[in-house]
Amino acid sequence: EAGVTQSPTHLIKTRGQQATLRCSPISGHTSVYWYQQALGLGLQFLLWYDEGEERNRGNFPPRFSGRQFPNYSSELNVNALELEDSALYLCASSLGLILNEQFFGPGTRLTVL
Amino acid sequence: KQEVTQIPAALSVPEGENLVLNCSFTDSAIYNLQWFRQDPGKGLTSLLLIQSSQREQTSGRLNASLDKSSGRSTLYIAASQPGDSATYLCAVSRGGGSQGNLIFGKGTKLSVKP
């Protein structure tokens with residue numbers, strides 16, 4: 001069974017640009033979560049989508065946004081990139097609310113120059 | 001506000017030693033607790049999930065316990081091997097409704113020396 005996949009693996013952008021990160025959940029999983037892991041800050045929750053709807057978001061500015069498609073894949077958009085957005089962005093999926101065990105993808109390393 | 005703390009931040013042990021990693025959380029109203037390992041620059045690998053109604057879970061050389069009332073969990077690793085070297089993360093979820101996201105500790109970086 002294929003795990004959670006993310007693309008691209010690495011992404012280099014300059015300040016002010018926009019970045020789009022993609023995630024495909026494990027087959028059958030309806031929930032997708034996005035987390036940011038910046039150096040020294042630990043893993044911070046960004047966004048949670050379930051059945052196409054945003055269920056919760058973390059303490060991040062509105063320039064962090066995303067969506068979930070009918071096939072449950074998801075994309076994270078970061079507008080007006082800032083240097084401190086440089087981080088590893090991790091996507092996780094789960095079956096939904098019942099068990100809520102989350103399985104993570106390999107991440108996208110975003111570097112903002 | 002839920003806060004998760006992991007002690008120690010780093011640990012170095014010789015191969016073969018049994019070891020315990022600690023995790024504490026401030027709000028006992030959790031739905032479940034997960035232990036993960038993360039290799040440098042990589043994603044997270046789920047090790048064990050403990051539901052709030054459970055006291056412990058075991059997988060191979062790993063055993064995780066949960067004491068909700070005291071806000072603590074421990075991850076026991078038996079007969080450590082160099083391949084166990086990684087950062088171990090503990091995370092809690094309140095579950096259901098709008099509380100499904102995980103809240104992470106900052107991890108314990110484990111180094112097992114041959």
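These figures come from a predicted structure and were not determined experimentally. Just so we're on the same page: letters track the sequence lines, and every chain starts at 1.
- Heavy-atom proximity under 4.5 angstrom to chain B picks out A:L88, A:L90 from residues 61-90 of chain A.
- Residue B:I103 does not touch chain A at all, counting heavy-atom pairs closer than 4.5 Å.
- Within a 6.0 Å sphere centred on NZ of B:K68, heavy atoms belonging to other residues, nucleotides or ligands number more than 12.
- Only the side chain of B:K106 comes within less than 4.5 Å of a heavy atom of chain A; its backbone N, CA, C and O stay farther away.
- A distance of 7.0 Å separates CD in A:Q37 from CG in B:L44, rounded to the nearest 0.5 Å.
- Note on B:L19 and B:L75: same hydrophobic cluster, where clusters join Ile, Leu, Val, Met, Phe, Trp and Tyr whose side-chain heavy atoms are under 4.5 Å apart, directly or indirectly.
- The environment of CZ in B:R72 is sparse: at most 12 heavy-atom neighbours from other residues, nucleotides or ligands sit within 6.0 Å.
- Clustering ILVMFWY residues whenever any of their side-chain heavy atoms sit less than 4.5 angstrom apart, transitively, puts B:W35 in the very cluster that holds B:L11.
- Follow the hydrophobic side-chain contacts under 4.5 Å out from B:V92 and you reach B:L62 in the same cluster.
- The six-membered or imidazole ring of A:F45 lies away from that of B:F104, with a centre-to-centre distance of 6.0 Å or more.
- Looking at A:Y35, its side chain does come within 3.5 Å of a backbone N or O of B:L102 through a donor-acceptor pair.
- Taking a 6.0 Å sphere around CZ of B:R55, one finds it holds 12 or fewer heavy atoms contributed by other residues, nucleotides or ligands.
- Only the backbone of A:L41 comes within less than 4.5 Å of a heavy atom of chain B; no side-chain atom from C-beta onward does.
- Hydrophobic clustering places B:V13 together with B:Y88 (ILVMFWY residues linked when any side-chain heavy atoms are closer than 4.5 Å, directly or through intermediates).
- Donor-acceptor pairing under 3.5 Å is recorded for the side chains of A:E101 and B:S46.
- The 12-atom threshold is not exceeded at NZ of B:K42, counting heavy atoms of other residues, nucleotides or ligands nearer than 6.0 Å.
- Proximity to chain B at a heavy-atom threshold of 4.5 Å picks out A:F104, A:G105, A:P106, A:R109 from residues 104-113 of chain A, in numerical order.
- If you chain together hydrophobic residues whose side chains sit under 4.5 Å apart, A:L47 and A:L21 fall into the same group.
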